[in-house]
Chemist: 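I have a structure here, written as structure tokens, and I will follow up with some questions on it.
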Amino acid sequence: MKPRQIREKVYWMGAVDWDRRLFDSLIPLPDGTSYNAYLVEGSEKTALLDTVDPNKVDVLLSQLQDVAQVDYVVAHHAEQDHSGSIPQVLARYGNAKVVATPKAKEMLIDLLSIPAERFLTVEDGQTLSLGDKTLEFVYTPWVHWPETMVTWLQQDRILFTCDFFGSHLATTDLYVTDEARVYEAAKRYYAEIMMPFRRVIQRNLDKLEGYKVGLIAPSHGPIYDRPAFILDAYRDWISETPKNVAVIPYISMHGSTQRMVEHLVSALAERGVTVYQFDLAVTDIGKLAIALVDAATIIIGTPTVHVGPHPNVVYAACLANALRPKARFASIVGSYGWSSKAVEQIAGLIPSLKVELLEPVMCKGYPRKADFAALDRLAAEVAEKHKTLA
Ligand code: FEO
């Protein structure tokens, strides 16, 4: 796509990656993604804000073909989907400086071998004049690496946020046109990338409160011309109080755990709890991550494989532990043939979850009357616990 004007002398550049289906060799991208860069032309200097993933560098260089001079390349974040084309941009513009936090400078030298003399480091709150346009740099650490910052374009009231508020969404729409669709993509993005840093994000949001933002321009997904939409969503996602929601990631080999989960889901629903059930043999882990944003309770369902939990369950437990959702309660249900240490092993996989462990329900073979009664007891306990949420 060609550059697109956002404001006078401010342009979107970058690449829409329609076909990418996996990020970090981990995160599913059902809707592709984009790598947004932005060009700000002041009366004296020109700045490029972020670049693109190296596999799209040709797109960016082509968009820059009529730009005679770039004085600054602002690197909000050192991850290569934004920084990976900086070396090629620096090669084209021999006098350009990379504007970054000291931490980002260090990381970009490590990751991309950019020479130290090509950097201009900036402090939190520092401004950089482009003539009739002024860039103000605001440190926003841990969204989602330690070096991250955002840029406030004072005259045009645009906040360039890189990953912060981003969404993995390939679209030709420059601005959000379908809020429901972007909400899902942005929540998925938050869940997979930002959720572990919930409390730091709270501080970053507070810090940005004083800015009268007209546009939020992230480096993934469309631009927010109604910033309150994404700011309100983030406030909700990072809030301390989980919702009356239970998430049940499970897997079943011969139907016993499946039957238990079905019974439990029904028992919880009868008691007014919203439940999301995910079969780990087929589920999109992004959907699971989204559900974890609001959940008060996580109940893991597993059969026993060689005494321990099923490997897919181990994977999901490790993932949940890494994402650190705000759930307050957890339990385990499942089955075994002769003996099981699945409960102890799963409990050992989730040390970062600050949850109260509710009494698990493990059954020998196919579930029977006493097992269903135990599942009813668990459902009742979850429902009661959820009444205490505040
Ligand atoms: Fe879009 Fe953390 O990179």
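In listed order, ligands and their atoms are each counted from 1.
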Chemist: Pair up each side-chain donor or acceptor in residues 263-273 with any protein partner under 3.5 Å, not counting sequence neighbours, and list the distances.
Modeler:
residue : atom : partner : partner atom : Å
His263  : NE2  : Asp376  : OD1          : 2.9
Ser266  : OG   : Glu270  : OE2          : 3.3
Arg271  : NH1  : Ala267  : O            : 2.9

Chemist: Is any side-chain heavy atom of Arg198 less than 4.5 Å from a side-chain heavy atom of Lys326?
Modeler: yes
Chemist: Using a cut-off of 2.8 Å, how many protein N, O or S atoms sit around atom 2 (Fe) of ligand 1?
Modeler: 4
Chemist: If we check ring-ring contact (aromatic ring centres under 6.0 Å, His included) with His168, which of these qualifies: Tyr190, Trp18, Tyr35, Tyr189?
Modeler: Tyr189
Chemist: Decide side chain to side chain contact (heavy atoms under 4.5 Å, CB included) for Met260 and Leu375; before the verdict, give the C-alpha distance in whole Å, the side-chain angles of both, and the deciding distance to 0.1 Å.
Modeler: CA-CA 8 Å; Met260 295 176 78; Leu375 291 167; 3.9 Å; yes
Chemist: Walk me through whether Ile216 and Ile223 qualify under side chain to side chain contact (heavy atoms under 4.5 Å, CB included).
Modeler: CA-CA 6 Å; Ile216 291 180; Ile223 297 170; over 6 Å; no
Chemist: I'd like to know whether Arg20 forms a salt bridge (Lys or Arg N to Asp or Glu O under 4.0 Å) with Asp53, so could you lay out the CA-CA distance, the side-chain angles of the two residues, the decisive distance to 0.1 Å, and finally the verdict.
Modeler: CA-CA 11 Å; Arg20 188 162 179 177; Asp53 192 276; 3.3 Å; yes
